[in-house]
There are 2 protein chains.
Amino acid sequence: MRWEELDQQPCSVARTLSVIGDRWTLMVLRDCFLGVRRFEEFERRLGITRHVLTDRLKKLVQHGVLVKKPYQDKPRREEYRLTEKGLELHPVVMAIVHWGDKHMADERGAPLLHVHKGCGHAMSPVTVCSHCGDPITARDISVQPSPKWLADESAGASATRGHLTKRNKSYTKPCRANPVQ
Amino acid sequence: MRWEELDQQPCSVARTLSVIGDRWTLMVLRDCFLGVRRFEEFERRLGITRHVLTDRLKKLVQHGVLVKKPYQDKPRREEYRLTEKGLELHPVVMAIVHWGDKHMADERGAPLLHVHKGCGHAMSPVTVCSHCGDPITARDISVQPSPKWLADESAGASATRGHLTKRNKSYTKPCRANPVQ
DNA sequence: ATCTAATAGTTCCAAAAAAGAACTGACGCT
DNA sequence: AGCGTCAGTTCTTTTTTGGAACTATTAGAT
């Protein structure tokens with residue numbers, strides 16, 4: 001399957017990755033969350049090639065994750081800022097940082113501290129259940145197809161067909177399988 | 001900069017992405033969390049080429065995210081399972097799913113529901129502060145270099161040098177900049 | 001008036017990675 | 001003997017990156 005077909009899939013992971021699931025895109029977003037806004041600063045900090053940076057910024061703008069706004073005229077210069085939609089990727093970035101702090105740090109530990117302005121303490125992100133507020137791990141969650149999708153499926157939905165190869169016939173249903181462990 | 005140099009950087013995002021920041025790797029992990037364990041099932045579900053799948057599984061095993069264990073002899077067959085380290089990527093995957101459910105879903109909404117076994121309700125992941133337990137957004141967090149890293153830096157640490165190009169001189173310090181917004 | 005610097009790109013070529021399909025090898029079943 | 005399963009490997013073509021140089025617009029210095 002080609003990468004551009006990913007967003008066709010009935011899976012929120014696949015669809016999200018069609019926007020941010022790229023080698024460089026998440027590094028660009030990391031810098032956005034650290035306040036970087038300008039082309040050359042992204043380039044300097046990341047060591048990304050200008051060609052690829054141009055492409056990734058353009059895609060993020062197309063998807064509404066960043067907006068390009070002028071910060072001066074004569075000569076016209078533009079910078080890139082996170083939109084609300086972009087800011088909502090913060091949990092993704094925080095989860096990635098936290099895993100890296102725990103599993104990829106050297107003897108010096110985490111390079112950066114995250115301070116919660118509300119309570120004033122260095123914090124790490126904890127994922128909790130939106131219903132009961134308890135912390136969750138992979139083993140606490142079971143997955144089931146949404147009723148709406150099941151209804152559509154039994155009604156013979158075919159909207160998501162058409163991109164299937166001979167080998168691959170499983171994409172008309174939401175991606176599911178047996179639970180973890 | 002080349003991609004393989006990413007894990008050299010003093011940034012937990014970069015280091016984590018050196019393991020999972022690949023087009024296909026996160027899709028493989030999604031399937032792992034859905035209970036997929038076998039080579040051909042990954043291939044069938046993802047439409048990934050066998051060559052790339054072999055490579056990604058090997059890398060995930062090298063990084064200790066998956067383990068390969070035999071499930072039969074004669075002929076020997078092996079399957080891939082998440083380790084504890086791998087299971088701890090769950091918050092990353094959940095954050096990605098949640099963003100996709102909110103921003104990339106079509107009129108049918110989220111394809112899958114996540115049920116918290118503890119309380120029995122469909123849930124979405126909420127990121128809270130490990131210290132005070134309040135939900136956080138990007139604007140609630142400020143970032144600062146860790147004291148340990150600052151100490152090392154002023155002591156003239158040079159362990160992370162050596163991969164820098166002429167253009168790119170900023171990697172001896174933890175990646176930081178101005179706060180968001 | 002010319003030279004240099006800054007910013008945000010574009011263009012070009014070579015190298016690396018991915019897509020797509022066929023092939024391998026160990027075995028089990030009929 | 002022939003077919004099927006599984007977990008890969010090999011091969012060729014296409015796409016994407018890396019790396020470096022070039023462009024356009026303006027400000028300020030010589």
Side-chain angles (χ1 to χ4, degrees), chain A residues 1-6 8 14 17-18 20-28 31-32 36-62 66-81 163-169, chain B residues 1-6 8 17-18 21-28 31-32 36-62 66-81 163-169:
Chain A
M1 183 179 18
R2 289 261 243 340
W3 192 246
E4 309 84 55
E5 305 168 39
L6 256 192
Q8 310 294 322
L17 293 181
S18 74
I20 61 163
D22 174 84
R23 278 186 162 81
W24 287 112
T25 303
L26 274 163
M27 290 298 289
V28 169
D31 270 7
C32 290
V36 175
R37 291 174 183 165
R38 298 191 186 170
F39 191 89
E40 301 239 324
E41 197 176 356
F42 286 114
E43 194 215 344
R44 247 193 321 278
R45 290 172 49 89
L46 298 178
I48 188 176
T49 60
R50 302 172 78 81
H51 187 81
V52 174
L53 179 57
T54 302
D55 182 71
R56 295 306 182 275
L57 289 171
K58 197 190 301 175
K59 278 183 185 154
L60 287 171
V61 169
Q62 280 167 2
L66 300 179
V67 271
K68 199 172 173 179
K69 47 163 93 168
Y71 65 90
Q72 72 170 42
D73 268 338
K74 296 174 177 286
R76 186 177 186 81
R77 297 273 183 256
E78 317 207 66
E79 62 181 14
Y80 296 89
R81 284 162 173 266
H163 63 288
L164 299 174
T165 64
K166 270 157 286 158
R167 296 202 87 112
N168 186 347
K169 307 199 198 271
Chain B
M1 184 182 13
R2 290 254 250 336
W3 190 246
E4 309 83 57
E5 305 169 38
L6 255 191
Q8 310 294 321
L17 293 181
S18 73
D22 173 83
R23 277 185 162 81
W24 287 113
T25 304
L26 274 163
M27 290 297 289
V28 169
D31 270 7
C32 290
V36 175
R37 290 173 184 166
R38 299 193 185 168
F39 189 90
E40 302 241 322
E41 196 176 357
F42 286 113
E43 192 214 346
R44 246 192 322 277
R45 290 172 50 90
L46 298 177
I48 190 176
T49 60
R50 302 171 76 83
H51 187 81
V52 175
L53 179 57
T54 302
D55 182 71
R56 295 308 181 274
L57 289 171
K58 197 190 301 177
K59 279 182 186 154
L60 286 171
V61 169
Q62 279 166 3
L66 300 180
V67 269
K68 198 170 172 179
K69 46 164 93 167
Y71 65 91
Q72 70 170 44
D73 268 336
K74 297 176 178 284
R76 187 177 185 82
R77 298 271 184 258
E78 318 208 66
E79 62 181 14
Y80 296 88
R81 284 161 174 265
H163 63 288
L164 299 176
T165 64
K166 270 156 287 158
R167 295 203 87 115
N168 186 347
K169 305 197 196 275

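So you know, we letter chains A, B, ... as the sequences are listed, proteins then strands, and number each from 1.
A straight line from CZ of B/Phe42 to P of D/dA7 spans 10 Å, rounded to a whole angstrom. Counting to the nearest Å, the C1' atom of C/dG9 and the CG atom of A/Asp55 are 13 Å from each other. Rounded to whole Å, atom P of D/dC6 lies 11 Å from atom CD of B/Glu43. Following rounding to the nearest Å, B/Gln72 (CD) and C/dG28 (C1') show an atom-to-atom distance of 10 Å. Between the CG atom of B/Leu53 and the P atom of D/dT9 there is a distance of 11 Å, given to the nearest Å. For the pair B/Arg56 CZ and D/dG8 P, the computed distance is 15 Å after rounding to whole Å. The distance between atom CE of A/Met27 and atom C1' of D/dT17, rounded to the nearest whole Å, is 16 Å. The distance between atom CG of A/Leu46 and atom P of D/dG19, rounded to the nearest whole Å, is 14 Å.
In this model, the phosphate group of C/dT7 is not approached by any side-chain N or O of A/Tyr80 to a distance below 4.0 Å at OP1 or OP2. The shortest distance between the side-chain N/O atoms of B/Arg50 and the OP1/OP2 oxygens of D/dT10 is not below 4.0 Å. A close approach under 4.0 Å does not occur between any side-chain nitrogen or oxygen of B/Tyr71 and OP1 or OP2 of D/dT5.
By the 6.0 Å and 45° rule, B/Arg37 does not stack over the aromatic ring of B/Tyr71.
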So A/Glu79 and A/Arg81, salt bridge (Lys or Arg N to Asp or Glu O under 4.0 Å) or not? Walk me through it. CA-CA 7 Å; A/Glu79 62 181 14; A/Arg81 284 162 173 266; 3.1 Å; yes
B/Phe42 vs B/Leu57, test: side-chain contact (heavy atoms from CB on, under 4.5 Å). Steps then yes/no. CA-CA 10 Å; B/Phe42 286 113; B/Leu57 289 171; 4.2 Å; yes
Could you please spell out the steps behind the salt bridge (Lys or Arg N to Asp or Glu O under 4.0 Å) verdict for A/Glu43 and A/Arg50? CA-CA 7 Å; A/Glu43 194 215 344; A/Arg50 302 172 78 81; 2.4 Å; yes
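A residue-by-residue look at B/Lys58 and B/Arg23 shows that B/Lys58 has its nearest nucleotide of DNA chain D further toward the 5' end. Residue B/Arg38 is the one, among B/Arg38 and A/Lys74, whose nearest nucleotide of DNA chain D lies closer to the 5' end (criterion: closest heavy atom). Comparing A/Glu78 and A/His51 against DNA chain C, the residue whose closest nucleotide sits nearer the 5' end is A/Glu78.
Considering only the side chain of B/Phe39, D/dA7 comes nearest among D/dA7, D/dG19, C/dG9. For A/Val52, the listed nucleotide lying nearest its side chain is D/dG18; candidates were C/dA26, D/dG18, D/dT10. Here the side chain of A/Glu40 is nearest to one of D/dC11, D/dT26, C/dA8, namely C/dA8. With D/dG18, C/dA17, D/dC6 as the choices, the nucleotide that has an atom nearest any side-chain atom of A/Trp24 turns out to be D/dG18.
In this structure, A/Arg38 CZ and A/Glu78 CD are separated by 12.0 Å, a value rounded to the nearest 0.5 Å.
Contact annotation: side chain of B/Arg77 to base of D/dT5, donor-acceptor pair present below 3.5 Å.
Among the heavy atoms of the strands lying under 4.0 Å from B/Asp22 are primed sugar atoms or P, OP1, OP2 only; no base atom is included.
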Given Watson-Crick and G-U pairs under 3.5 Å, DNA chain D in dot-bracket ([ ] crossing, | other strand) is ||||||||||||||||||||||||||||||
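In this structure, A/Asp22 and A/Arg56 approach most closely via the heavy-atom pair OD2-NE, 2.7 Å.
A salt bridge links A/Arg76 to A/Asp73: one of the charged nitrogens lies within less than 4.0 Å of a carboxylate oxygen.
For the pair B/Val67 and B/Val61, the minimum side-chain heavy-atom distance is 4.5 Å or more.
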